[in-house]
Amino acid sequence: MTSSTPRLAPVTADNFDAVCAIRLHPHQEGFVSPVLKSLAEAYVYGPLAWPRAIVDGDEVVGFVMAFLDFPWDGNPADRRSGLWRLNISADHQGKGYGRFAVGAVAEQVRRAGGSRLYVTWHPGERGPEPFYLGLGFRTTGELSGAQRVGVLDLPPSAPA
């Protein structure tokens, strides 16, 4: 990361073009949808989606979107929160921004009362599975479409 502290920021008219300009390494494009599709889904799903730019200093370095209290597989009795999308610009990968974003989403889920953070990924060579497993996610054995489902247990927040 650069010398400043990364932060999550809402996607606004001021940063929209920079967020949409995020490009992954070509071999990663089959593993995660483009940011523009994520923003369209955020519009469609409204308060269930939590899209954020990952910003360091004045530079947009990535995009993350969480799902909050989402009826899993359409089941209103099984509501989950987790990481929907994570796109780190190819120029900024390997600098800790992905780890930061997952931690920030985990904290948002924890603040909302959640105790688990879910994620899905497409399996495959050079895919994101080692990244998620390295952060402590474990596979649940479930599939969401063709994607594996992982979960991370969140410790309770420390009292203020």
**Request:** Only one of Val61, Val60, Asp91 passes side-chain contact (heavy atoms from CB on, under 4.5 Å) with Ile22; say which it is.
**Result:** Val60
**Message:** Test salt bridge (Lys or Arg N to Asp or Glu O under 4.0 Å) on Arg23 and Glu29; report intermediate values, then the result.
**Reply:** CA-CA 9 Å; Arg23 296 294 174 261; Glu29 292 173 357; over 6 Å; no
**Request:** Mind running side chain to side chain contact (heavy atoms under 4.5 Å, CB included) on His25 and Arg126 for me, showing each step along the way?
**Result:** CA-CA 11 Å; His25 290 290; Arg126 299 177 76 182; over 6 Å; no
**Request:** Determine whether the side chains of Arg148 and Thr139 contain a donor N or O and an acceptor N or O closer than 3.5 Å.
**Result:** no
**Prompt:** Atom CG of Asp58 and atom CG of Asn15: how far apart are they, to the nearest 0.5 Å?
**Reply:** 11.5 Å
**Whether Phe67 and Phe70 hold their rings parallel, tilted or perpendicular, with breakpoints at 30° and 60°** = perpendicular
**Prompt:** With a 4.5 Å heavy-atom cut-off, do Leu68 and Leu48 have their side chains touching?
**Reply:** no
**Message:** Checking Phe63 now: which residues fulfil ring pair (Phe, Tyr, Trp, His ring centres under 6.0 Å) with it, not counting sequence neighbours?
**Reply:** none
**Prompt:** Do you see a donor-acceptor pair shorter than 3.5 Å between the side chains of His92 and Glu59?
**Reply:** yes
**Prompt:** Of all residues at least two apart in sequence or in a different chain, which pass the salt bridge (charged side-chain N to carboxylate O under 4.0 Å, His left out) check with Asp153?
**Reply:** Arg116, Arg138
**Message:** Is the distance from the ring center of Tyr45 to that of Trp84 below 6.0 Å?
**Reply:** yes
**Arg79 CZ: over 12 foreign heavy atoms closer than 6.0 Å** = yes
**Request:** Would you sort out whether Arg52 and Val11 count as a side chain to side chain contact (heavy atoms under 4.5 Å, CB included), showing the intermediate values?
**Result:** CA-CA 6 Å; Arg52 294 293 185 267; Val11 178; 5.8 Å; no
**Request:** Check the pair Tyr118 / Leu83 against side chain to side chain contact (heavy atoms under 4.5 Å, CB included), numbers first and verdict last.
**Result:** CA-CA 6 Å; Tyr118 288 87; Leu83 187 65; over 6 Å; no
**Asked** Are Trp121 and Tyr132 close enough that their ring centers fall under 6.0 Å?
**Response** yes
**Asked** If you draw a 6.0 Å radius around CG in Asn75, do more than 12 non-hydrogen atoms from other residues or ligands fall strictly inside?
**Response** yes
**Prompt:** Roughly how far, to the nearest 0.5 Å, is CG of Asp56 from OG1 of Thr5?
**Reply:** 7.5 Å
**Message:** Would you say CZ of Phe16 has more than 12 non-hydrogen atoms from neighbouring residues, nucleotides or ligands within 6.0 angstrom?
**Reply:** no
**Message:** As a quick check of understanding, evaluate salt bridge (Lys or Arg N to Asp or Glu O under 4.0 Å) for Glu142 and Arg80, giving each step before the final call.
**Reply:** CA-CA 14 Å; Glu142 299 170 282; Arg80 300 182 187 186; 3.0 Å; yes
**Asked** Rounded to the nearest 0.5 Å, how far does CG of Leu24 lie from CD1 of Ile88?
**Response** 9.0 Å
